[in-house]
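These numbers come from the heavy atoms of this one structure, side chains and all, not from hydrogens, waters or symmetry mates.
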Number of protein chains: 2
Amino acid sequence: MRAVRTQQNTAPFVRLFGRYLREQGLPITQQRELVAEVVFSTDRHLSVDEIEETLRAGGERIGKATIYRTLDLLVRSQLVEEHDFGEGFKRYEHRLSPQPVHEHLICTECGGVWEFRSTEVEKIEERVAREYAFRPTRHKLEIYGLCEPCREAGAEIPYEGLTCPIETV
Amino acid sequence: MRAVRTQQNTAPFVRLFGRYLREQGLPITQQRELVAEVVFSTDRHLSVDEIEETLRAGGERIGKATIYRTLDLLVRSQLVEEHDFGEGFKRYEHRLSPQPVHEHLICTECGGVWEFRSTEVEKIEERVAREYAFRPTRHKLEIYGLCEPCREAGAEIPYEGLTCPIETV
DNA sequence: GTCCATGCAAACCTTTTGCACTATA
DNA sequence: TATAGTGCAAAAGGTTTGCATGGAC
């Protein structure tokens, strides 16, 4: 198996995925390791197309079905998180960073994604857990808007709603 | 035009949508009014199939394409919000409640959705706007977990991750 | 040797689009 | 009467699945 892209030393992370597969009694295949390596090699939020393209750029040709199936395993293992930023397809991000839990800032102009930590959200979780007798397992906080470069480039937030919006009737 | 479902007096809301259409120079059609009426007649988060079904139950047969096109207008008018709770399709909720801005609690067992207000999120928005020079336009906070009835019924959170999860490597 | 994964293509599902026809203003 | 909407069916686009072949253990 050849390294597809080695910005970081992905070997320990890939090994962790191997451990998960072994625990589940599933074979460790070249394809699975290669897909995992691509996902672990970047901190970006990759789409399936981007993963496929990265593999191809590294000389590896892996079927989309296998990529989807491997991503499913990576998500089940909890080593990878699935995101949907409303683009019509999913994105995947590994959780082996120093900041495994974080929220997202998404620029609606350029599609850029930034990450931030928020201890406040955990407090909100606790509060609603109490008030609604709800047991939270995970949450998702996404703030959409314009990033500074886009705003400086003159991007505007289009307003198409009613000319005199009503908040309550 | 016949009332499809009148749990609440939806007429003023539908009229608001009419005003939006007029402002945009678009015709007010029976189909548009009927779809709007269904969406405004409930506080639930409706899927396109549910809207179609409700219309059919009321004796109205409106093509799915028209429903999708009307929902697009309702969302543009800001009278309706689009949600994606990860079910593989979208849901729609009108914003003409006493609580137009709110967050969601989603039970992963029964699919139930509860709403709660959080002023904390606005503070988080302000904070990251400052820290990241980001101009927020909207946000989405969703907390997934188990609601009390499901938990009492014995529902468990399946854990399939690595037996010894690592937070950081 | 057994079981499972892979790759391809077909199927799937939601959503969008093209087009002939119809309704709105 | 001009302009835009409707409904149907087909297309689109991401994701999943069936099946014959090939690989892991």
Only counting residues at least two apart or in another chain, list the ones meeting side chain to side chain donor-acceptor pair (under 3.5 Å) with A/R117. none
Separation of C/dT17 C1' from B/D72 CG (nearest whole Å): 13 Å
Tell me the interatomic distance from B/L21, atom CG, to C/dA23, atom P, rounded to whole angstroms. 19 Å
In short, the helix from C/dG1-D/dC25 to C/dA25-D/dT1 is bent end to end, axes from five pairs each side, to 10°, by 40°
Quick one: list whatever passes side chain to side chain donor-acceptor pair (under 3.5 Å) with A/S118, sequence neighbours left out. A/E120
With heavy atoms of chain B within less than 4.0 Å as the criterion, where does contact along DNA chain D begin and end? D/dA4 to D/dC8
Contacts of B/R76 meeting salt bridge (Lys or Arg N to Asp or Glu O under 4.0 Å) (sequence neighbours excluded), chain-then-number -> A/E160, B/D72
Tell me, please, which residues at least two apart from A/E87 pass side chain to side chain donor-acceptor pair (under 3.5 Å). A/R91
Which label fits B/H94 and B/F13: parallel for a plane angle under 30°, tilted from 30 to 60°, or perpendicular past 60°? tilted
Quick one: list whatever passes salt bridge (Lys or Arg N to Asp or Glu O under 4.0 Å) with B/D84, sequence neighbours left out. none
Under the ring pair (Phe, Tyr, Trp, His ring centres under 6.0 Å) rule, collect the residues that match up with B/F85, sequence neighbours excluded. B/H45, B/H83, B/H104
Sequence neighbours excluded, the answer for ring pair (Phe, Tyr, Trp, His ring centres under 6.0 Å) partners of A/Y144 is none
Under-3.5 Å N/O pairs linking protein and nucleotides 4-7 of chain C:
from	atom 1	to	atom 2	distance (Å)
C/dA5	OP1	A/R32	NH2	2.6
C/dA5	O5'	A/R32	NH2	3.4
C/dT6	OP1	A/T29	OG1	2.8
C/dT6	O3'	A/Q31	NE2	3.0
C/dG7	OP1	A/Q31	NE2	3.3
C/dG7	OP2	A/G63	N	3.2
C/dG7	OP2	A/T66	OG1	2.9
C/dG7	N7	A/R69	NH2	2.8
C/dG7	O6	A/R69	NH2	3.3

Tell me every residue that passes side chain to side chain donor-acceptor pair (under 3.5 Å) with B/K123, counting only those two or more places apart in sequence or in another chain. none
Report the residues that fulfil salt bridge (Lys or Arg N to Asp or Glu O under 4.0 Å) with A/E81, sequence neighbours left out, ordered by chain and then residue number. A/R95
Could you tell me the separation between the NZ atom of B/K64 and the P atom of C/dT17, rounded to a whole number of Å? 17 Å
Please tell me if B/Y68 has a side-chain N or O lying less than 4.0 Å from either OP1 or OP2 of C/dT16. no
